[in-house]
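A quick write-up on the structure given underneath.
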Amino acid sequence: PPEELCRLVDEAHARGMRVVIDGVYNHANSESPLTKIAFEYWYYKDNPDGKDLDWGPKFNYAHYDEKYKVFPARKYVIESIQFWIEKFHIDGIRFDATRAIKDFNVMRELTDAAFAKINGMKPFITIAEHVSEDPTITGRPNEGPMNAAWHDSFGKLLQAIITCHEREGHQPGNLDELETMSDPSKNGYKEGTRTINYITSHDHDREMRMLGEEAKIFDDCAFRRCKLGAAILLTVPGIPMLWMGTEFGFAKEKSLDPRPLDWNLLKNQSNQDLLNITKALAHIRRNNPALRTDNFQVVLKDKERLLFGYKRWDGGGNVVLVVANIKDQPSGEFVIEKVGLEDGKWKDAIHGNEIKVEGGVLKDTLGASEVKIFIKQA
């Protein structure tokens, strides 16, 4: 009930967590009360979009009521958004299927209304689920109407990488694309905070199911591939998003029916290990400012062995080096040099080992599907 949702938001805020709702403002349920009151006042009589964007009565944001000098659908949605902010104290909205809204001016009107209600009192974020992508929807307030958008093409590439299979034109061994997609200066978004990066979402099966059903990758290898994906996701520029349960290997199929998480999986060592790695990666990201900048430099791109390394840094002397083995076989030795690495002791942040950089050269090896994250020790 509403009062319990209010309590949930308060408890989240008390723990330093923000709450973002999923706002469906492109269409309504066919049983919505507004459809019974005056269908054509708020919705199109006939949906102008194709079947791929037809999920129910579509809000007609262009309809203007001359008598009351108002756009009815806009007024209704704006008041709904402001109600969520005022009564439930939400911290952001993920706008569902913004391709079906289309009009950036309408979207800006909706988001402006949200920020007007916040009035600078706290951080707030607006996110577009805009698939296929258009980076120009991001960059609010000075550019597009939204703060950020789902980075769907990057998700498809990461799916290809972890499953070792082509995914909607994205190839698992395309390190050039991985470089471009990871770098805000090259992927069209300009800033990492404009992208919501993910591997899977509620629109896909979870990673572990993809690995088993589609790629026929199971057991230890499947868990290694999940760790590989998580390590890349949580160390490249952008805001990472995890589809609940993937952090410990939950593998139920996509469904509109309830799919409660199976916490009993954590009794298995492999599932617990995956969770521990994901937690460690989140901890590294949260505690190292270098991973919250847009600074990104590829320092290793071995297309034969599929080794990919990149450097992240900030202006305060924090440097993080990430090296990933895309193949599920040991890498042999790799060498990273002439990229400005400071001599001294570096720590393998995942495993706790130390490694020395001498003459600006770092040498090491990687296991099958392994990722190492090196941080300069003071």
Side-chain angles (χ1 to χ4, degrees), residues 1-2 5 19-65 68 70-88 90 92-114 117 125-134 137-138 144-152 155-156 168 196 198 200-206 241 243-244 252-260:
L5 180 56
V19 177
V20 178
I21 67 162
D22 185 6
V24 182
Y25 302 124
N26 55 74
H27 74 284
N29 187 286
S30 58
E31 296 301 310
S32 167
L34 297 185
T35 66
K36 310 298 183 184
I37 297 169
F39 192 105
E40 293 179 41
Y41 190 70
W42 284 282
Y43 308 104
Y44 285 99
K45 178 181 179 181
D46 299 306
N47 193 319
D49 297 323
K51 288 294 184 183
D52 59 323
L53 294 178
D54 188 356
W55 303 293
K58 179 174 179 172
F59 285 111
N60 185 352
Y61 289 117
H63 172 229
Y64 185 72
D65 186 323
Y68 292 105
V70 67
F71 289 94
R74 298 186 201 186
K75 185 175 189 294
Y76 170 75
V77 171
I78 284 171
E79 290 179 354
S80 171
I81 288 170
Q82 293 186 330
F83 179 83
W84 276 103
I85 294 170
E86 180 180 5
K87 300 298 183 183
F88 293 92
I90 62 165
I93 302 171
R94 174 265 196 192
F95 285 76
D96 177 76
T98 47
R99 279 280 179 191
I101 299 176
K102 294 187 177 67
D103 191 325
F104 279 20
N105 291 324
V106 169
M107 285 186 243
R108 185 177 292 280
E109 189 174 339
L110 303 184
T111 57
D112 282 352
K117 200 67 175 178
I125 189 170
T126 55
I127 300 165
E129 184 205 19
H130 207 68
V131 181
S132 300
E133 292 176 59
D134 180 357
I137 200 173
T138 67
M146 302 283 174
N147 295 120
W150 281 24
H151 198 180
D152 187 65
K156 296 294 196 311
E168 296 185 22
I196 306 299
Y198 56 93
T200 55
S201 73
H202 66 278
D203 288 326
H204 312 103
D205 285 331
R206 288 176 174 81
M241 179 176 75
W243 177 215
M244 59 183 188
K252 285 291 185 181
E253 72 280 5
K254 176 183 69 174
S255 173
L256 293 177
D257 297 323
R259 287 291 185 271

Would you please name every residue forming a side-chain contact (heavy atoms from CB on, under 4.5 Å) with [X], sequence neighbours left out?
X      : answer
Asn105 : Asp103
Gln82  : Ile78, Ala113, Lys117
Asp134 : Arg99, Phe104, His130, Thr136
Asp203 : Glu129, Trp150, Ser201

Salt bridge (Lys or Arg N to Asp or Glu O under 4.0 Å) against [X], all qualifying residues, sequence neighbours excluded:
X      : answer
Arg259 : Glu253
Asp49  : Lys58, Lys102
Arg74  : Glu109
Asp96  : Arg94

Fill in: Evaluation steps, ring-ring contact (aromatic ring centres under 6.0 Å, His included), between Phe59 and Tyr25
CA-CA 7 Å; Phe59 285 111; Tyr25 302 124; 7.7 Å; no
Pair up each side-chain donor or acceptor in residues 33-40 with any protein partner under 3.5 Å, not counting sequence neighbours, and list the distances.
| from | atom 1 | to | atom 2 | distance (Å) |
| --- | --- | --- | --- | --- |
| Thr35 | OG1 | Ser30 | O | 3.2 |
| Thr35 | OG1 | Ser32 | O | 2.6 |
| Lys36 | NZ | Glu31 | OE1 | 3.2 |

Discussion item. Is it the case that the side chains of Asn60 and Tyr41 hold a donor-acceptor pair, with the cut-off being a distance below 3.5 Å and no angle test?
Written reply: no
Worksheet, complete the sentence: By side chain to side chain donor-acceptor pair (under 3.5 Å), Tyr64 pairs with (sequence neighbours left out) none
Worksheet item: Sequence neighbours excluded, which residues qualify as side chain to side chain donor-acceptor pair (under 3.5 Å) partners of Asp205?
Response: none
Discussion item. In the structure I gave you, are the side-chain heavy atoms of Phe71 and Tyr61 within less than 4.5 Å of one another anywhere?
Written reply: no
Practice prompt. Not counting sequence neighbours, which residues clear ring-ring contact (aromatic ring centres under 6.0 Å, His included) with His27? List them please.
Written response: Trp55
Item to complete: For residues Ile127 and Ala149, report the shortest heavy-atom separation together with the two atoms involved.
Response: CG2-CA, 4.4 Å
